[in-house]
Amino acid sequence: MSFTHVLAVAPVRDVDAAVAWYERLLGRPADARPMPGLADWHIAPYAWLQVFQAPEQAGSTLVNLVVDDLDKTLADLAAREITPGPVQTGAQRVRFAAVEDPDGNRVTLIENPVA
């Protein structure tokens with residue numbers, strides 16, 4: 001079996017509110033709005049993050065994003081009025097912190113290995 005892309009989907013109640021929040025999180029507008037109720041960001045060559053209006057499933061997603069510099073990322077988010085939870089330490093020199101979108105979907109920012 002071979003795969004060509006990874007596509008993470010965060011279900012939300014109000015797609016317009018979610019798009020505004022994810023634009024602040026990612027620091028840019030969505031790359032595409034291919035249909036009503038859907039927005040996507042191409043966050044790496046073969047990785048996309050979508051928000052999709054699905055009220056019955058909103059708040060049930062966990063998305064992990066690996067960053068080069070967690071401290072810089074958290075400072076950037078603070079400037080965009082997004083407040084993460086505490087920085088935690090994992091095994092093997094890993095650090096991470098999580099944020100939640102308006103529906104409670106958790107986005108964890110991971111630095112591995114710690115610089």
Side-chain angles (χ1 to χ4, degrees):
M1 186 178 312
S2 176
F3 303 100
T4 62
H5 291 73
V6 173
L7 179 61
V9 180
V12 298
R13 288 179 185 82
D14 178 340
V15 73
D16 293 326
V19 165
W21 188 87
Y22 280 90
E23 285 177 346
R24 287 190 1 252
L25 175 72
L26 299 171
R28 60 188 174 87
D31 293 306
R33 298 289 302 265
M35 59 187 242
L38 177 67
D40 63 51
W41 287 262
H42 304 171
I43 58 174
Y46 300 104
W48 299 359
L49 175 61
Q50 290 185 326
V51 295
F52 181 68
Q53 190 161 327
E56 65 284 353
Q57 295 153 337
S60 62
T61 295
L62 304 172
V63 175
N64 295 332
L65 301 175
V66 177
V67 299
D68 292 332
D69 184 332
L70 184 61
D71 294 325
K72 181 180 181 324
T73 299
L74 298 179
D76 290 346
L77 291 180
R80 297 181 205 142
E81 300 180 358
I82 294 178
T83 305
V87 173
Q88 299 180 47
T89 307
Q92 307 286 332
R93 298 177 25 210
V94 173
R95 294 187 323 140
F96 56 95
V99 297
E100 290 189 358
D101 75 10
D103 289 300
N105 294 305
R106 186 183 314 157
V107 179
T108 301
L109 306 162
I110 303 167
E111 181 183 48
N112 178 20
V114 173

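The structure presented is a predicted model; accordingly, all values stated were derived computationally and were not measured.
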Quiz item: Do Leu7 and Gln50 have side chains that get closer than 4.5 Å, going by heavy atoms?
Solution: yes
Exercise. Considering only Ile, Leu, Val, Met, Phe, Trp and Tyr, and joining two whenever side-chain heavy atoms are under 4.5 Å apart, list the other residues clustered with Ile82.
Key: Val12, Val15, Val19, Trp21, Tyr22, Leu25, Leu26, Trp41, Ile43, Leu49, Val51, Val63, Leu65, Val67, Leu70, Leu74, Leu77, Val87, Val99, Val107, Leu109
Practice problem: Mind jotting down which residue pairs meet the salt bridge (Lys or Arg N to Asp or Glu O under 4.0 Å) criterion with at least one end in residues 37-48? Sequence neighbours excluded, please. | Solution: none
Quiz item: Between CG of Leu62 and CD of Glu100, what distance do you get to the nearest 0.5 Å?
Solution: 9.5 Å
Practice problem: Show which residues join Tyr46 in its hydrophobic cluster (side-chain heavy-atom contacts under 4.5 Å, direct or indirect), or state none. | Solution: none
Self-check item: For Arg13, side-chain hydrogen bond (donor to acceptor under 3.5 Å, both in side chains) partners two or more places apart
Solution: Asp103
Quiz item: Any side chain to side chain donor-acceptor pair (under 3.5 Å) pairs touching residues 53-63, not counting sequence neighbours?
Solution: none
Quiz item: So which heavy atom on Arg80 is nearest to which on Arg24, and how close?
Solution: CD-O, 2.6 Å
Self-check item: Atom of Val94, atom of Ala91 and distance for their closest heavy-atom approach
Solution: CG2-O, 3.1 Å
Practice problem: Output all residues satisfying side-chain hydrogen bond (donor to acceptor under 3.5 Å, both in side chains) with Asp16, sequence neighbours left out; order by chain, then residue number. | Solution: none
Practice problem: Heavy atoms only: give me the nearest Gly85-Ala97 pair and the separation to one decimal. | Solution: O-CB, 3.9 Å
Self-check item: For Asp76, all residues meeting side-chain hydrogen bond (donor to acceptor under 3.5 Å, both in side chains), sequence neighbours excluded
Solution: Lys72
Exercise. Return each pair, listed once, that meets side chain to side chain donor-acceptor pair (under 3.5 Å) where at least one residue sits in residues 27-36; pairs must be two or more places apart or across chains.
Key: Arg28-Asp31
Quiz prompt | Rounded distance (nearest 0.5 Å) linking atom CG of Asp71 with atom CG of Asp68 | solution = 12.5 Å
Practice problem: Determine yes or no for a side-chain-to-main-chain donor-acceptor pair under 3.5 angstrom, with Asn105 supplying the side chain and Pro11 the backbone. | Solution: yes
